[in-house]
There are 2 protein chains.
Amino acid sequence: MQKVQELRMTRQRRIILEELRKVDTHPTADQLYLCVRDRLPRISLATVYRNLELLVREGLIQRLEFGGTRKRFDGNPEGHHHLRCLSCGEVRDASGHIPALQRVARSSDGYEITGYHLELTGYCACCRKDKDDS
Amino acid sequence: MQKVQELRMTRQRRIILEELRKVDTHPTADQLYLCVRDRLPRISLATVYRNLELLVREGLIQRLEFGGTRKRFDGNPEGHHHLRCLSCGEVRDASGHIPALQRVARSSDGYEITGYHLELTGYCACCRKDKDDS
DNA sequence: GTCAATGCAAACGATTTGCACGATC
DNA sequence: GATCGTGCAAATCGTTTGCATTGAC
């Protein structure tokens, strides 16, 4: 009989989750590793990677399906959209809803649409100011 | 005075472009490498990578900003949307336009929106059939 | 003939894995 | 006390780069 694997709440796992939930940028594994190391100096990067994958599988966090070579993680498990600044590269949450989307999608040839990923790109307030100054 | 670098049309470059335009899936560099090698058995993977980047810079093809660890390339240089099948993983073009999008985006806090990436996920006609059979 | 482009191999950065030890239940 | 999770180091994967040679113009 198949034993369901139990999930132990280790110090490392708890602190990784806490730190990820604390920020509203969507850090890469090693950005998060740096934060976590302030509280757990002996933690290894491999542990961060392992726990992030595990938390994704548990549905407690999300892995962003976008951009660049590095994976980014999101402490908010709900579906939502993102804004990526083309200047500083940071990714923040976009509020609001895009209601027509699912309907549009359903018209495409034979696909059964179950979801979508949306990333808006542009310049954040901060970087726009820098641009205007120069 | 700055000399503009000229772009030589080598056999490799031409064939890479031809093979990429031939397919409507959006291959990774090494998927394309396999196709191209049928016609140029001595080509190296590095050449494929170098030319893909170059063709992106020239605006002749697009690099997809989505999904997974591997880069994917698109022979169609026009902006358009994609459908990714959650079962077979293939990425195909989605027809249609999502008109309200830019307007919605502009309301978000201080961002100047210049574009967006949209990927729909679901099951392609082929994989839906497999699901129904089983 | 010049200089960009190639093929090869080695380097690289991000992520994953094997293994002995440590910690949670 | 069993076994899951950790830290460390080595392995792996996708991609990039250095360099001597080749080929397009």
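By convention in this document, chain letters (A, B, ...) are assigned in the order of the sequence lines, proteins followed by strands, and residues within each chain are numbered from 1.
- Under 3.5 Å, the side chain of Arg70(B) and the base of dC13(D) form no donor-acceptor pair of N or O atoms.
- Place Thr28(A) and Val48(B) on DNA chain C by their nearest nucleotides, and Val48(B) ends up nearer the 5' end.
- Residue Leu45(A) contributes atom CG, which lies 10 Å from atom P of dA14(C) at whole-angstrom precision.
- Between the base of dT6(D) and the side chain of Arg42(A) there is no donor-acceptor pair shorter than 3.5 Å.
- Salt bridge Glu18(A)/Arg21(A): absent, no basic N to carboxylate O contact under 4.0 Å.
- For the pair Glu58(A) CD and dG5(D) C1', the interatomic distance rounds to 14 Å; values are reported in whole Å.
- Nearest-nucleotide positions on DNA chain D for Met9(B) and Ser44(A) put Ser44(A) closer to the 5' end.
- Here the nucleotide nearest the side chain of Arg50(B), chosen from dC19(D), dA9(D), dC25(C), is dC19(D).
- Between the C1' atom of dG14(D) and the CZ atom of Arg63(B) lies a distance of 14 Å, rounded to the nearest Å.
- Rounded to whole Å, the distance from CD1 on Ile16(A) to C1' on dG5(D) is 11 Å.
- At whole-Å resolution of the value, CZ in Arg37(B) and C1' in dT6(C) are 16 Å apart.
- One can place CG of Leu40(B) at 17 Å from P of dT22(D), the figure rounded to the nearest angstrom.
- Salt bridge status for Asp30(A) with Arg70(A): present, with a side-chain N to carboxylate O gap under 4.0 Å.
- Counting non-hydrogen atoms of neighbouring residues, nucleotides and ligands closer than 6.0 angstrom, the CZ atom of Arg14(A) exceeds 12 such neighbours.
- Applying the 4.0 Å criterion to OP1 and OP2 of dG13(C), one finds that Lys71(A) has every side-chain N and O outside that range.
- For dT6(D), one of the phosphate oxygens OP1 or OP2 lies less than 4.0 angstrom from a side-chain nitrogen or oxygen of Thr10(A).
- Nucleotide dA14(C) holds its C1' atom 14 Å from the CG atom of Leu34(A), rounded to whole Å.
- Contact of Arg8(A) with dC4(D) (side chain to base): a donor-acceptor pair of N or O atoms is detected under 3.5 Å.
- Leu45(A) and Ile15(A) fall within a single hydrophobic cluster, where Ile, Leu, Val, Met, Phe, Trp and Tyr side chains are chained together by heavy-atom contacts under 4.5 Å.
- Salt bridge present: Lys71(A) and Glu53(A) bring a charged side-chain N and a carboxylate O closer than 4.0 Å.
- Residues Glu53(B) and Arg11(B) both approach DNA chain D. Their nearest nucleotides, taken by heavy-atom distance, put Glu53(B) toward the 5′ side.
- Here the P atom of nucleotide dT6(C) and the CZ atom of Arg13(B) are 5 Å apart, to the nearest Å.
- Among the nucleotides dT16(D), dT6(D), dA5(C), the one closest to any side-chain atom of Tyr49(B) is dT16(D).
- Residue Gln12(B) has its side chain nearest to dT6(C) when only dT15(C), dT6(C), dT6(D) are considered.
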